[in-house]
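Okay, structure first, notes after.
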Amino acid sequence: MEPHNGEADDLPPPPPLDAGIEPLKADETKKMLKPKRALVPRQGFGKKGQPIKLLTNHFKVSLKNTEEFFYHYYVNLKYDDDTPVDSKGAGRIVIEKLQQTYATELANKDFAYDGEKSLFTIGALPQINNEFTIVVEDASTGKTPANGSPGNDSSPGSDRKRVRRPYNTKTYKVGLSFAAKIPMSAIALALKGQESEHTQEAIRVIDIILRQHSAKQGCLLVRQSFFHNNPSNFVDLGGGVMGCRGFHSSFRATQSGLSLNIDVSTTMIVKPGPVADFLMANQKVDNPNMIDWTKAKRSLKNLRIKITPTNAENKIVGLSDRSCRETMFTLKRRDGDSEEISVFDYFVKNRRIELRYSGDFPCINVGKPKRPTYFPIELCTLVSLQRYTKSLSTLQRSSLVEKSRQKPQERMSVLSDVLKRSNYDSEPMLMACGISIAKSFTEVDGRVLQAPKLKAGNGEDIFTRNGRWNFNNKRLIRASSVERWAVVNFSARCNVRDLVRDLIKCGGMKGIKVEDPFDAFEEHPSMRRAPAVKRVEEMFEQVKSKLPGAPKFLLCVLAERKNSDVYGPWKKKCLAEFGIVTQCVAPTRVNDQYLTNVLLKINAKLGGLNSMLQVESSPAMPLISKVPTMILGMDVSHGSPGQSGVPSIAAVVSSREWPLISKYRASVRSQSPKMEIIDSLFKPQGKDDKGLIRECLIDFYTSSGKRKPDQIIIFRDGVSESQFSQVLNIELDKIIEACKFLDETWDPKFTLIVAQKNHHTKFFIPGAPENVPPGTVVDNKVCHPRNYDFYMCSHAGMIGTTRPTHYHILHDEIGFNPDDLQELVHSLSYVYQRSTTAISVVAPICYAHLAAAQVGQFIKFDEMSETSSSHGEHTSAGSAPVQELPSLHEKMLNRHLNGHRCRCKSLGVWNLETPLLDDL
């Protein structure tokens with residue numbers, strides 16, 4: 001745009017205003033704009049608890065050079081015909097070649113390149129806009145391998161000429177245009193525990209330097225984690241999938257300065273080796289003749305292979321439609337003649353390569369769909385370090401968790417070793433910045449909070465030890481009765497008669513009256529291999545034909561604990577179609593502890609209460625017991641990796657029966673795939689609101705003596721720091737709107753807390769083999785320099801290394817002091833009714849996660865996931881129509897409201913449409 005020279009620009013006149021409308025004045029426009037909320041700053045530090053000295057996997061960073069600037073350049077990569085480069089991985093090769101070819105023109109600068117559109121230098125390049133032409137030798141095309149390229153109409157003679165010139169070349173155009181200037185002094189401020197507007201940008205630059213350092217070593221990069229091609233780091237998970245252990249590294253601004261956070265990380269990779277072996281393992285078959293080639297085509301697409309005997313690397317684009325013996329191409333001879341020959345005959349007769357089993361199977365295509373280049377499958381080997389992005393089975397997931405566990409001392413040893421081997425001190429860009437990284441773990445001061453006191457039935461105290469307790473010789477606080485019930489057995493090898501007898505006996509000891517069941521229904525042997533939905537239908541036909549009326553409760557015995565395909569259809573049938581409370585079990589070893597755990601779940605589902613905090617019965621909770629307070633837990637569950645178009649499930653759970661904080665109910669909605677921000681909190685439709693929050697508010701009102709909550713504490717799970725502003729300014733606004741929709745004069749106070757488990761900070765006890773004790777809290781040194789946050793290890797880590805939950809307080813109108821807030825969070829880890837241990841995150845969030853995950857079972861996702869590609873397929877938020885969740889049966893709704901609908905003057909009829917959480 002040309003500079004303004006004072007003359008009027010030739011712009012079209014503004015559109016005329018409608019009659020009677022006056023334009024807004026500037027100051028009136030400003031009033032209409034809602035001010036954006038900012039994160040609340042730290043309100044001090046906690047003091048309660050027993051002090052404990054800890055180490056953490058943060059390594060202090062020092063900086064010598066603070067006067068220089070990082071210069072940010074936008075990278076534009078094009079082929080020589082000006083089409084954009086879309087090949088992943090090409091960028092690093094091109095930029096490395098650029099640096100070698102034009103070192104003088106680029107003032108011998110070192111680069112930090114993110115592999116995509118951003119490049120950074122220390123100091124400026126000689127020119128603002130730089131354009132270069134680069135020629136790169138390309139060994140990964142489909143033109144050279146195997147000295148014969150079936151499908152490319154080429155002759156052996158011409159192929160031999162290609163072999164003499166082993167590389168093809170590609171020409172690229174590289175444009176570097178100046179984008180921004182970032183002062184290194186921003187890092188210096190971070191070292192002092194302070195932040196400026198450039199701090200996060202500067203930290204991003206040095207994070208990119210670390211990624212580049214790992215890329216040069218041939219690592220697989222996954223965000224801030226890197227994985228070496230070392231077989232000792234691989235563990236076989238079955239199904240052609242391997243777990244690959246690597247390391248996460250990122251710079252963090254903390255109270256004590258800048259630190260490098262290093263942790264063990266794991267990703268899934270495709271098992272390297274012969275393609276046929278992978279397909280047999282992936283499809284769980286013993287013979288290549290049993291491979292489903294339609295599934296194989298999906299699972300192989302975009303994977304990289306090496307081809308014998310040339311070892312050239314190519315990407316799979318598909319499979320041939322016919323077998324290797326039947327796939328023909330035109331082979332041109334030296335004398336100019338040509339002949340039709342099959343791919344099989346070409347390699348066996350012309351190339352004299354023995355093929356043992358490829359003849360009857362499709363060929364691998366590494367060319368283009370319209371100009372294919374085919375190779376027999378047994379000449380193709382999958383290369384290492386290729387991410388497996390499809391969802392894992394339950395057994396694979398449990399195997400990965402089991403094989404990835406590391407005790408605290410083992411993890412510390414591994415992290416110390418990787419820091420030495422990474423040799424960051426030799427990285428030219430870090431040296432130029434004057435950055436050095438300490439070799440020792442950072443010391444932090446922690447505190448161990450006293451466990452909250454619990455109450456059982458008859459006013460008895462429950463004594464906790466190391467975050468655990470039991471109900472031996474104790475009764476439940478509010479025991480329900482199990483009546484009009486039956487047992488269904490889906491082919492489990494279980495003595496149902498003994499199970500029922502023991503359940504009745506154990507229930508009596510806990511105060512639960514368990515009547516004799518109507519009957520026990522066994523699945524007919526002919527149905528065992530039938531589809532899950534059909535098995536459930538047949539079982540319900542049995543139940544309906546033999547019972548005198550609808551049961552209130554069904555105990556479902558499953559043959560498999562973790563991967564039963566009957567579970568989802570069964571839950572949907574019971575809750576959505578018939579309105580029957582159900583509990584699934586898969587008993588392997590039945591003892592008193594097992595039966596007690598089952599009864600705890602059944603009691604909660606039938607409206608009972610197993611235990612409660614002593615301060616709930618007093619009541620004596622600071623800021624909560626005196627003022628009606630509702631606690632919300634919010635989470636969004638997304639489809640598994642590789643699933644395309646699967647709706648996300650948003651769940652909100654809310655406390656009920658104030659002043660209790662131990663009872664919750666759930667509301668659930670589906671929303672656009674991969675969308676994290678909940679869009680159904682407030683859904684006005686005329687004079688009604690169909691949103692999640694309205695249901696929570698009404699239930700609190702009806703269950704708490706017709707009191708509205710004057711305080712609302714929100715725990716939000718699953719959001720990253722980059723989404724904090726959206727949660728604070730979009731989700732909180734919707735919750736406030738839902739309140740105002742019910743009563744315009746109602747103005748409750750809000751506290752908003754985000755809980756994060758997906759981080760890499762760990763704590764260790766110096767010189768001790770065990771994990772940190774339950775109740776450990778840290779709010780200093782490694783916490784944010786300005787924002788209000790703390791780490792809490794509320795549970796006892798029995799296996800592996802304890803992962804603390806990172807709590808961020810974004811907003812606090814209620815005005816908690818740090819000790820009261822930390823004790824509330826700690827106490828909420830002891831009210832999860834399905835467990836006799838303190839859990840790692842507050843119960844409302846755990847319930848929300850459970851509700852979203854279980855209701856997701858209502859939708860049949862398997863068929864949708866099968867039609868999606870398992871490698872590299874991406875679905876953007878909002879790109880697919882949202883599949884609605886089925887409604888729960890009316891019986892479930894009425895039961896949870898005790899059959900009542902309640903009115904509130906000026907608010908109309910309040911109807912509740914979703915159940916208590918435990919019924920899910």
Side-chain angles (χ1 to χ4, degrees), residues 142-156 159 236 238-241 270-333 338-384 386 388 390 866-867 869-871:
K143 296 179 181 178
T144 59
N147 296 348
S149 199
N152 274 341
D153 298 335
S154 44
S155 67
D159 286 317
D236 198 336
V241 184
V270 174
K271 187 174 183 178
V275 170
D277 290 357
F278 164 74
L279 292 175
M280 286 190 291
N282 188 246
Q283 298 186 19
K284 299 180 177 62
V285 297
D286 299 326
N287 191 304
N289 293 311
M290 301 170 69
I291 292 173
D292 181 331
W293 293 102
T294 303
K295 288 183 179 179
K297 187 175 182 179
R298 288 197 300 268
S299 59
L300 290 177
K301 189 175 181 182
N302 293 327
L303 291 179
R304 301 190 315 277
I305 55 172
K306 281 191 176 179
I307 298 169
T308 305
T310 62
N311 262 354
E313 190 173 310
N314 295 266
K315 184 168 75 174
I316 298 175
V317 298
L319 300 176
S320 61
D321 295 328
R322 298 183 177 185
S323 70
C324 189
R325 295 184 196 275
E326 297 171 331
T327 301
M328 310 296 289
F329 72 101
T330 303
L331 177 65
K332 294 180 181 177
R333 298 182 178 279
S338 60
E339 67 169 317
E340 287 291 309
I341 188 171
S342 70
V343 174
F344 182 86
D345 287 341
Y346 171 76
F347 280 94
V348 171
K349 297 176 181 178
N350 292 41
R351 299 298 312 285
R352 303 193 184 283
I353 295 174
E354 181 185 1
L355 298 178
R356 294 176 293 111
Y357 59 81
S358 295
D360 299 325
F361 303 138
C363 301
I364 302 287
N365 180 12
V366 298
K368 296 180 180 179
K370 293 184 178 180
R371 189 177 170 84
T373 303
Y374 291 125
F375 289 93
I377 193 169
E378 67 187 271
L379 301 184
C380 303
T381 304
L382 291 167
V383 301
S384 190
Q386 297 189 78
Y388 182 84
K390 195 174 182 180
E866 283 297 324
T867 58
S869 169
S870 52
H871 299 280

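If you read the sequence from its start, that first residue is 1, and numbering goes on from there.
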For the pair T327 (side chain) and R322 (backbone), establish whether a donor and an acceptor sit closer than 3.5 Å, ignoring hydrogens and angles. yes
Between the OG atom in S320 and the NZ atom in K297, the distance rounded to the nearest 0.5 Å is 9.5 Å
More than 12 non-hydrogen atoms from neighbouring residues, nucleotides or ligands closer than 6.0 Å to CG on D286, yes or no? no
From CA spacing to verdict: side-chain contact (heavy atoms from CB on, under 4.5 Å), V317, N302: CA-CA 6 Å; V317 298; N302 293 327; 5.8 Å; no
Do the charged groups of K306 and E313 touch, with an N to O distance under 4.0 Å? no
Would you name the heavy atoms of P362 and I377 that are closest together and state the gap between them? O-CB, 4.2 Å
Indicate yes or no for a side-chain donor-acceptor contact from N314 to the backbone of V366 under 3.5 Å, with no hydrogens or angles considered. no
Does the side chain of T330 pick up a donor-acceptor pair with the side chain of E340 at under 3.5 Å? yes
Taking all non-hydrogen atoms of both residues, which atom of C363 and which atom of C324 are closest, and how far apart? SG-CA, 3.5 Å
Can you find a pair of side-chain heavy atoms, one from I316 and one from N365, that are under 4.5 Å apart? no
Heavy-atom side-chain proximity of L279 to L300 below 4.5 angstrom: yes
Which heavy-atom pair separates N282 from Y388 by the least distance, and what is that distance? ND2-OH, 3.9 Å
Counting C-beta onward and ignoring hydrogens, is there a side-chain heavy-atom pair between I291 and F361 closer than 4.5 Å? no
Tell me the closest heavy-atom pair linking D236 and V241, and the distance in Å. OD1-O, 3.5 Å
Within the 4.5 Å heavy-atom criterion, are P288 and M280 side-chain neighbours or not? yes
Going by heavy atoms in the side chains, are D360 and R325 under 4.5 Å from each other? yes
side-chain contact (heavy atoms from CB on, under 4.5 Å) evaluation trace for L355 with F344: CA-CA 8 Å; L355 298 178; F344 182 86; 3.7 Å; yes
Between CG on residue L379 and OH on residue Y374, distance to nearest 0.5 Å: 16.0 Å
So F375 and F347, would you call those rings parallel, tilted or perpendicular, with 30° and 60° as cut-offs? tilted
Working to the nearest 0.5 Å, report the span between CD of Q386 and CG of L303. 5.0 Å
So, the side chain of N287 versus the backbone of M290: is there a donor-acceptor pair under 3.5 Å, distance only? no
D321, CG: over 12 other non-hydrogen atoms inside 6.0 angstrom: no
Without swapping roles, check the side chain of E378 against the backbone of S358 for a donor-acceptor pair under 3.5 Å. yes
Taking all non-hydrogen atoms of both residues into account, name the closest pair between F329 and S342 and its distance. CE2-O, 4.1 Å
Can you see which heavy atom on Q283 is nearest to which on K295, and at what distance? NE2-CB, 3.8 Å
Any heavy-atom pair between the side chains of D292 and V285 that's under 4.5 Å? no
I want to check something: taking the side chain as every heavy atom from C-beta on, are T381 and I305 in contact at a cut-off of under 4.5 Å? no
Is any side-chain heavy atom of S299 closer than 4.5 Å to one of F278? yes
